[in-house]
Amino acid sequence: MSGLENVSVVGVQNIDRVVEAVEQTLDGNVVKMLNKRGLPRLDLPKVRKNKLIEIIPLSTGCLGSCIYCKTKHARGKLGSYDPDAILERVKHVIYEGVNEIWLSSEDAGAYGRDIGTNIVNLLWSIIEVIPEEGVMLRIGITNPPYIMDYLEKIAIILKHPKVFSYLHVPLQSSCNVVLNSMNREYTVEEFDHIANYLLKEVPGMIFATDIICGFPTETEEYFQETMQSMDRYKFPVLNISQFYPRPGTPAAKMKRIATQTVKERSRKLTILSEGFNPYARLIGKILKVLFSAE
């Protein structure tokens, strides 16, 4: 790595060796811990930003091949944690007094495909060890291709009293031409099926999504299709990103849309989303809330 010859470097697959790297460097050695090896341990000491919320990773890497993303380059292919290790971490943090457990992953729906299990089996195992009151589980992000196989079972889980009725499913674009050029491996129709099913079957469903505006193949017509999808679903949680050509990705070689056009599209998406009022349905209702005793 040019410019880093005399610098110790720790890759994301070796994050649990940071102390070792620091000690070696203080002793005058230069270490390069970049090779992929076993998954980082789940029982490492942690200082939580919010002491009531524990974030537990389900896996590293992913199965996708999106041409604008460097996740697979940085983290490799899917590597799922053993279910028993995840359950032990869940039990430990419950003992420590957390109120919320968030499951994180590049793609929760793909969990277990490399170790002979699946996300549904894991979720039911976690639900079984969560106490009846005082702790809630939140499922994180899942891409459409891998949640399709479990959609009905996931809907049942999202209705469970120990689970937040929340799921993050990236749309990115509401045009099949753009999705195909991104190599997203699903269609707008498949995304709509997931969204419509969960919004119908899960009371109070919070459906989060991501949008990338200004991808090189996005015409004004295609952008308007995304605007229409946003207006139809009125996503209560929405992440809007302007396309950025990450060096080393296939998308970086594509001809870019004018920066001003991309910024204008992002502004239009933001203005549209600011007009949504997704929580108006909660006015006048009595809801269960979690709050600390401290």
Side-chain angles (χ1 to χ4, degrees), residues 10-18 20 33-46 53-66 69-96 98 100-130 135-158 160 162-164 166-170 183-186 190 194 198 208 210:
V10 181
V12 293
Q13 296 292 337
N14 294 275
I15 199 69
D16 56 334
R17 301 178 68 189
V18 167
E20 179 187 348
M33 299 179 178
L34 298 173
N35 293 333
K36 184 172 182 178
R37 56 188 197 87
L39 299 175
R41 291 161 44 197
L42 289 178
D43 60 351
L44 293 171
K46 178 186 292 186
I53 298 175
E54 171 70 11
I55 301 174
I56 300 179
L58 301 182
S59 60
T60 64
C62 71
L63 295 175
S65 299
C66 304
C69 181
K70 298 197 76 170
T71 295
K72 184 172 285 188
H73 174 77
R75 299 180 180 271
K77 294 181 179 180
L78 178 69
S80 300
Y81 280 99
D82 186 280
D84 291 337
I86 296 174
L87 285 176
E88 283 304 310
R89 184 63 184 171
V90 169
K91 294 175 184 177
H92 179 73
V93 301
I94 290 173
Y95 174 78
E96 290 183 327
V98 303
E100 297 184 18
I101 296 173
W102 296 2
L103 302 180
S104 71
S105 174
E106 274 79 24
D107 190 345
Y111 170 80
R113 287 177 176 248
D114 56 326
I115 58 174
T117 185
N118 60 64
I119 186 62
V120 172
N121 291 340
L122 176 68
L123 292 174
W124 281 122
S125 298
I126 294 174
I127 289 170
E128 287 180 4
V129 302
I130 292 178
V135 180
M136 293 290 290
L137 178 68
R138 193 185 84 163
I139 307 171
I141 188 170
T142 178
N143 284 306
Y146 302 110
I147 203 64
M148 293 283 287
D149 294 342
Y150 313 113
L151 193 54
E152 294 181 6
K153 294 178 180 178
I154 287 293
I156 293 172
I157 290 172
L158 290 173
H160 195 282
K162 298 179 185 179
V163 181
F164 286 116
Y166 169 94
L167 196 64
H168 184 166
V169 183
N183 200 30
R184 285 293 290 167
E185 300 179 341
Y186 60 86
E190 288 171 333
I194 294 170
L198 292 178
D210 301 333

From the list Asp149, Ile154, Ile156, side chain to side chain contact (heavy atoms under 4.5 Å, CB included) with Val120 holds only for Ile154
Can you name the side chain to side chain contact (heavy atoms under 4.5 Å, CB included) partners of Leu87, sequence neighbours left out?
-> Ser125, Ile126, Val129
Not counting sequence neighbours, which residues clear side chain to side chain contact (heavy atoms under 4.5 Å, CB included) with Asn183? List them please.
-> Ser65, Ile67, Glu185
Shortest non-hydrogen contact from Cys62 toward Glu106 | CB-CB, 4.1 Å
Taking atom NZ of Lys162 and atom CG of Leu123, what is their separation to the nearest 0.5 Å?
-> 13.0 Å
Hey, could you give me the CG/OG distance between Leu58 and Ser104, rounded to the nearest 0.5 Å?
-> 6.5 Å
Side-chain heavy atoms of Ile157 within contact of Leu137, under 4.5 Å = no
Identify, with sequence neighbours excluded, every residue that meets side chain to side chain contact (heavy atoms under 4.5 Å, CB included) alongside Pro83.
-> Tyr111, Ile115, Thr117, Leu122
Distance-minimising heavy-atom pair for Ala155 and Leu198 | CB-CD2, 3.9 Å
Distance col, row Leu63:CG vs Lys77:NZ, nearest 0.5 angstrom, shows 9.0 Å
Flag side-chain contact, heavy atom, 4.5 Å: Ile119 against Thr142 | no
By side-chain hydrogen bond (donor to acceptor under 3.5 Å, both in side chains) - contacts of Glu190 (at least two apart) = none
Taking every non-hydrogen atom, the tightest pair across Ile139 and Ala108 | CG2-CB, 4.5 Å
Glu100: what forms a side chain to side chain contact (heavy atoms under 4.5 Å, CB included) with it, not counting sequence neighbours?
-> Ile53, Trp102, Phe164, Leu290
Between Asp82 and Asp84, is there a donor-acceptor pair closer than 3.5 Å when you use the side chain of the first and the backbone of the second?
-> yes
Asp114, Thr60, Asn118 screened by side chain to side chain donor-acceptor pair (under 3.5 Å) with Ser80, the one that passes = Asp114
Stepwise, does the side chain to side chain contact (heavy atoms under 4.5 Å, CB included) test hold for Glu54 with Ile94?
-> CA-CA 9 Å; Glu54 171 70 11; Ile94 290 173; over 6 Å; no
Heavy-atom nearest pair, Ala110 first then Tyr146, reads N-CB, 3.7 Å
Are the side chain of Asp107 and the backbone N or O of Asn143 linked by a donor-acceptor pair below 3.5 Å?
-> yes
Would you kindly say whether Glu96 and His92 are connected by a side-chain donor-acceptor distance under 3.5 Å?
-> yes
Of the non-hydrogen atoms in Tyr81 and Ser59, which two are nearest, and what is the gap between them?
-> CD1-N, 3.8 Å
Closest non-hydrogen atom pair between Ile141 and Pro170, with its separation | CD1-CG, 3.6 Å
Which distance, rounded to the nearest 0.5 Å, do you find between the SG of Cys69 and the CZ of Arg184?
-> 8.5 Å
Kindly write out the residues that satisfy salt bridge (charged side-chain N to carboxylate O under 4.0 Å, His left out) with Lys153, not counting sequence neighbours, or none if the list is empty.
-> none
